[in-house]
Asker: 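Below is a structure I'd like to ask you about.
Chain naming here is simple, since letters A, B, ... match the order of the sequence lines and numbering starts at 1 in each. These numbers come from the heavy atoms of this one structure, side chains and all, not from hydrogens, waters or symmetry mates.
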Amino acid sequence: MKDKVIIIDGNSLINRAFFAIPSLSNKEGIPTNGMYGFLNMLFKLLDKHSPKYVSVAFDLKAPTFRHKLSSDYKGTRKGMPDDLRPQMNMLKEILDNLGINRMELEGFEADDLIGSVAKLCGRENLDVMIFTGDKDALQLVDDNITVYITKRGITNLKEYREEDVFEEFTLMPNQIIDYKGLSGDTSDNIPGIPGVGPKTAIKLLLEFTTVENLILNSEKVKNKRIRGLVEEYKEQALLSKKLATIVTNIPFEFNVDELLIKEKNIEKLIELYKKYEFTSFIRNLKEESLHLTNTTSEDEINNNLVEEEEIEFKLINNLNELSNMVSEIKKNKVISIKSIYDKANIRTNEAIGFAISDKDTTYYVDLLGEVKFIDLKVILEDENIKKITYNGKREFLIAFRYGISIENHTFDGFIANYLINPSRNKYELSDVAMEYLSKAIKSKEDLLGKGAKAKKYCDISFSDLSNYSAVYSRILFEVHCELDKKLIELNLSELFIDVEIPLVEILASTEYEGFKVDESVLNEIDEDLTNKLREIESEIYSYSNEKFNINSPKQLGVVLFETLELPVIKKTKTGFSTSHDVLIKLEKKHPIVPLVIEYRTYSKLKSTYVDGIRSVINKETGKVHSSLNQTVAVTGRLSSSDPNMQNIPVRIPIGRKIRKVFVADNNCKLIDADYSQIELRVLAHMSKDENLLLAYRENLDIHTMTASKVFNIPLDEITADIRSRAKEVNFGIVYGMSDYGLSETLKIPRKTAKLYIEQYFEKYPGVKEYMDTTIKECKEIGYVVTLLNRRRYIPEINHKNFNLRSFAERTAMNTPIQGSAADIIKIAMINVYNRLKREKLKSKLILQVHDELIIDTSEDEIEIVKEILVDEMENAYKLDIPLLVDMKVGTSWFDTK
DNA sequence: TGTTAATGCAA
DNA sequence: TATTGCATTAACA
C-alpha cells in the first residue's frame, strides 16, 4: 500500500469551521470556534487515514503574482471576520506543537503551495489527499492526487477522483482552468468572458478542449453571438485562465520528509487546550499517550499531563468514625453528597460508597464493610442539613431502595448547569469544574472507560474509587457557589428552587414506582403479530419473485424501483426513499405496496413495542421503570427512555392495543388526566390575541372557529373533515410552519396553503404580532424565554444562511410555547405529588406524557385523586384564560381514553 | 464494536 | 421546506 500524504488548505477550512460552528469562546471571551472545528476535523482525518505525511498550507497577507496580473483579483473579497483573525495564529501555534508541518510562502497562495507539493509527492508515487473548501483545487486531481471538498459543514466531504470531476463538470480536471477562463468566477473576481456561463463554457470545451485552441479556431464556433464574444474577449479569457491556474512548479527546495508528523509537545498542548477550554482534546491526548507508552502507568501519565485534583479526605469505615463524622457535619449544615453504586435493579441496587463534603472536610464512607447505607439515614433525613447533589435522582433512587428519604435537598449542579444552557448535550461535573474552577478532575469515563469495555464501580480499586468520589463531592461543593451565582445572574433561581429541584425527587419516585405490565397480553399480541408478519412476508415475496430483507430501505428500494420499475417519488442522500408517504403515493400502482405498508406497521409494533418492552420488564416488580430525564429536552420538557413511555402508540387501532399491556397495580385503577390544548392556550395567553382569548373564555371549539375564519365558512357548516384540516393549521402555527409544510400535510397546492396562513394571521392578528416580536427580541438578545423565564439560546437567529436562520426563527417561535406548557405541567406534577404525600394517600404518580399525568390509584381513593388532579392541574398556573383537564379511569392504559 | 442514516412512534 | 423527543434496523467503517 502506498504511503498517504494529507495536505490541507488551512485558510479555507478554518473559514468553513468558523461559519459552520455558530459560536464558541472560552471564558475570557476569546473566540475559539474556527480553531475547534478545524482541529476536530484534522483529528478525524488523521484517525481515519493514518497518513505518514501531513501539511497545512496558509495564505500570507502579501500580494501574490496574481494581484500583479490583475488589480481586480479577489477585489470583491471581504476581509477576514474580526472574530476569526486572532484564531489563525492560535491555530498555527497548536499545529506547531502537534508536530504538524505548516507551509506558507510570500508571493504565493496556499493553493500554489498545495499544488506544487502535491505534484512533487505524486511523482514520488505517494497517495496524495487534498482537503479544501474550494473547487478550484479540482484541477489538481490526477492518478495520484485525490481532492476532498467540504459539502455542508466541515466534516461532510465529497471525494473527487478524475471520474468524479468528469461526472460533475463533463470536463477533465486539467480543463477546470479553461472552464474558469471562459465562465469566470465572481468570488475571486475573475472576469472570464462576459455572457459565457457554465453551460456555454462546457459546450465550448467539449469541442475545443482548451481556451487556446478555442481562440485559434474561433471561426468554427457556430453560434455567431458567442463567436463574437470569444474574439472580443480572448485576452481576458487567457488572463482569467492564468489567474485560475494553480502553480504546480514553485521553485523551492523541498524534501517530503519535512511533512513527516513530528513529536508532540504535550505539556504545551495541554496548556493551550486548557486556555481555550478544549477539554475533549485533553482527554484524547491522555488516551493516546496511554496507548503509546506501555511502560508507564496510567497514574504517572495523568500526573504528567494534567495536575489532576487530589484532595485529602477522611475515610469512614466503622460506626465510631461515622458518628464522629455525623456530629461534625451537623455543625456545618450544608453538605454535598455523591453516592456510588452500579445500576442493576432499581429495587435491589447495592450501595458501594458515599462521599460527603462540608465546607471544611471531605469524607468517604466505605459501605462494603461495617457501615451500611441505612446508617446514613441520620444525615439524609436531617431537615437541618442542606444537601447538594449532582444528578440527585441517583441519590433519591438509592435512598428509596433502602427505604429512607432525603430532606432539605436544595441544590443540584446537573440541573443548574442545564438551566444555564439547556442546549448542551453533556453536563459532566468534570466539564463544569474546568469551566468554572479551571480544575481538571477525572470524568466518569476516565475512571470506568467507555463503550462495551466500560467497567463498573465495583470493579474499581478501593483507592481509585475513594479518591474519585472524594474529589467529586469536594468539587461539587466548591462549584455549587459558582453555579448559584450564575443562576441568580440569569434570573433562573425561582425556576430552579420552586420547580426543578422539587421535581428531582418526584422523577426518582415515578421511576421507582414504575408502570405495571401484563406480560400475558404482551405475549398474545406478539403471537398475533408474528403470524401476520409471516403471512405478509410470503405474499410480498410472491410479488417480488425473490426473498429480500423488507426492513432494509436499500433492498426494498431496489425491489420497488428497479425490479418492479415503480416511479421514483423521492430520493434520500443514499438512494430511493421508501418512507410511508412515498408508499402511500404508490399504493394503487402495485399490490406489493400496500403489503409493505402493512408489514412496516406490524414490524414496528413487534420490534419497538412488543420485543422492546419485554426486554425492560423488571423481574422483581413485573413493571417497567422508565427513566424520566430532566436535562435532555432543550425546551424544558421531560424525556423518557428505557423504555420510552412517551411514544406508546395510540392513533392507529392496532397499535393502540399495545396499551392493554400497561395496567393498574393490584386493587388499583389508572387515572389519566390530560390538559385540553395546553399549547394553544399558552399561545392565547402569551400573544394576548383577542380572538383566541375570546374563544377560550367562551369555551368555544377552537378548531371549528379557526376553520370558519381561515376557510371563510359559516360556523354551522363546518364538517368533521374541514375541522380536522383547521386543526392541522392550528398545530402548524405552533410549530412556525411554512406554506410548503402545510401544503404537504394537507395535500393541497402551495398557493392555497399560503392563502390559509395569510388568512390565519389576518384573523388572529395578535398571534402574528407575537411571533414577530418574539423573533425580533431573540435577534437582539440571542435567546427566548418561557413563562417561568426558562431560557434557550438560539445563536443561529442572525445567521446569514437562510435555512439555518429560518430554522432558528421557528425554534424561537415554538420554544416559548412548548416550554411554557412544560413549565406548567411541572408545577402541576409537584403539586399533585405533594398533595398525595400530604394527605397520606397510597396512590402514586407513575408517568408524565407532556400534557398528561397518570396516577396508579388505589380503588378506595379514586374520587379524592380525581379531585386532586383537576384541582392541581387546572390551578397550576394562572393564565388569562382557564386551563381545562380531561380525565379517564380504567384498568389498563387502553381503557383510559 | 461503535456510528450514521432511514424510518416511525408520541405530544 | 412544521417543534420536541427515543428506539429500531441495516449498513458501514
Asker: Applying salt bridge (charged side-chain N to carboxylate O under 4.0 Å, His left out) as the test, list every pair that has at least one member in residues 727-752 of chain A; sequence neighbours left out.
Answerer: A:Asp739-A:Arg750
Asker: By nearest atom, which of the nucleotides B:dT7, B:dA11, C:dT3 is closest to the A:Arg600 side chain?
Answerer: B:dT7
Asker: Between A:Asn629 and A:Ser639, is any side-chain donor less than 3.5 angstrom from a side-chain acceptor?
Answerer: yes
Asker: Does this structure show an ion pair linking A:Glu762 with A:Lys709, if we count only N-O contacts that are shorter than 4.0 Å?
Answerer: no
Asker: Does A:Tyr760 have any side chain to side chain donor-acceptor pair (under 3.5 Å) partners at least two apart in sequence or in another chain, and if so, which?
Answerer: none
Asker: Nearest to the side chain of A:Arg637 - C:dT3, B:dG8, B:dA11?
Answerer: B:dA11
Asker: Among residues at least two apart in sequence or on other chains, which ones pass salt bridge (charged side-chain N to carboxylate O under 4.0 Å, His left out) with A:Arg656?
Answerer: none
Asker: Name the nucleic acid region contacted by A:Thr745, choosing base, sugar-phosphate or nothing; use a 4.0 angstrom heavy-atom cut-off, strictly under.
Answerer: base
Asker: Checking A:Lys343 now: which residues fulfil side-chain contact (heavy atoms from CB on, under 4.5 Å) with it, not counting sequence neighbours?
Answerer: A:Tyr341, A:Arg394
Asker: Measure the distance from CE on A:Met645 to C1' on B:dA10 and round it to the nearest whole Å.
Answerer: 12 Å
Asker: As a check on the pairing definition, encode DNA chain C in dot-bracket form, counting Watson-Crick and G-U wobble pairs whose two distances are under 3.5 Å, and using | for partners outside this strand.
Answerer: ..|||||||||||
Asker: Just to be sure I understand the rule, does A:Thr578 reach a base, reach only the sugar-phosphate, or reach nothing, if contact means heavy atoms closer than 4.0 Å?
Answerer: sugar-phosphate
Asker: Using a heavy-atom cut-off of under 4.0 Å over every strand shown, decide if A:Val634 touches base, sugar-phosphate, or nothing.
Answerer: sugar-phosphate
Asker: Which nucleotide wins on minimum distance to the side chain of A:Val849, given the candidates B:dA11, C:dA2, B:dG8?
Answerer: B:dA11
Asker: Taking the minimum atom-to-atom distance to the side chain of A:Tyr735, which one of B:dG2, B:dA11, B:dT7 wins?
Answerer: B:dA11
Asker: Could you check whether A:Ser892 and A:Asp895, counting side-chain N and O atoms only, form a donor-acceptor pair closer than 3.5 Å?
Answerer: yes
Asker: Choosing from B:dG8, B:dA5, C:dT1, which nucleotide comes nearest the side chain of A:Lys573?
Answerer: B:dA5
Asker: Mind checking if A:Gly736 touches a base, just sugar-phosphate, or nothing, with heavy atoms under 4.0 Å?
Answerer: nothing
Asker: Over how many whole Å does the gap from A:Gln630 atom CD to C:dG5 atom C1' extend?
Answerer: 16 Å
Asker: Under 3.5 Å, is there a donor on one side chain and an acceptor on the other for A:Arg681 and A:Tyr696?
Answerer: no
Asker: Whole angstroms only, please: what is the OH-P distance between A:Tyr760 and C:dA2?
Answerer: 18 Å
Asker: Would one find a side-chain N or O of A:Thr815 under 4.0 angstrom from OP1 or OP2 of C:dT4?
Answerer: no
Asker: With respect to the side chain of A:Arg659, which nucleotide from B:dT7, B:dT1, B:dA10 is positioned closest?
Answerer: B:dA10
Asker: Between A:Ile748 (CD1) and C:dA2 (C1'), how many Å, whole number?
Answerer: 14 Å
Asker: Could you work out, with ring pair (Phe, Tyr, Trp, His ring centres under 6.0 Å) as the rule, every residue matching A:Tyr756, not counting sequence neighbours?
Answerer: A:Phe711
Asker: Does anything in residues 800-817 of chain A pair up under side chain to side chain donor-acceptor pair (under 3.5 Å), and if so which pairs, sequence neighbours excluded?
Answerer: A:Lys779-A:Glu809, A:Arg792-A:Thr815, A:Asn814-A:Gln818
Asker: Does anything in residues 596-612 of chain A pair up under salt bridge (charged side-chain N to carboxylate O under 4.0 Å, His left out), and if so which pairs, sequence neighbours excluded?
Answerer: A:Asp526-A:Lys606, A:Lys606-A:Asp611, A:Asp611-A:Arg614
Asker: B:dA11 P sits how many Å from A:Leu853 CG, rounded?
Answerer: 14 Å
Asker: Whole Å only: how far is the CD1 atom of A:Ile797 from the P atom of C:dT3?
Answerer: 13 Å
Asker: If you look at every strand shown and take non-hydrogen atoms under 4.0 Å, does A:Arg792 touch a base, only sugar-phosphate, or nothing?
Answerer: sugar-phosphate
Asker: From CD1 of A:Ile733 over to C1' of C:dT3, roughly how many Å is that when rounded to an integer?
Answerer: 13 Å
Asker: Identify, between A:Asn803 and A:Gln818, the residue whose nearest nucleotide on DNA chain C lies closer to the 5' end.
Answerer: A:Asn803
Asker: For A:Ile648, answer base if it contacts any base atom (sugar-phosphate contacts may also be present), sugar-phosphate if it contacts only those atoms, and nothing otherwise; contact means non-hydrogen atoms under 4.0 Å.
Answerer: sugar-phosphate
Asker: How far, in whole Å, is C:dA2 from B:dT4 if one measures between their C1' atoms?
Answerer: 24 Å
Asker: Using atom CD of A:Glu598 as one end and atom C1' of B:dG8 as the other, report the distance to the nearest whole Å.
Answerer: 17 Å
Asker: Quick one: label A:Glu728 by what it contacts on the DNA or RNA (base, sugar-phosphate, nothing), any heavy atom closer than 4.0 Å.
Answerer: base
Asker: Treat primed atoms plus P, OP1 and OP2 as sugar-phosphate and everything else as base, then score nucleotides 6-13 of chain C 5' to 3': B for base contact with protein heavy atoms under 4.0 Å, S for sugar-phosphate contact only, - for none.
Answerer: BSSSSSS-
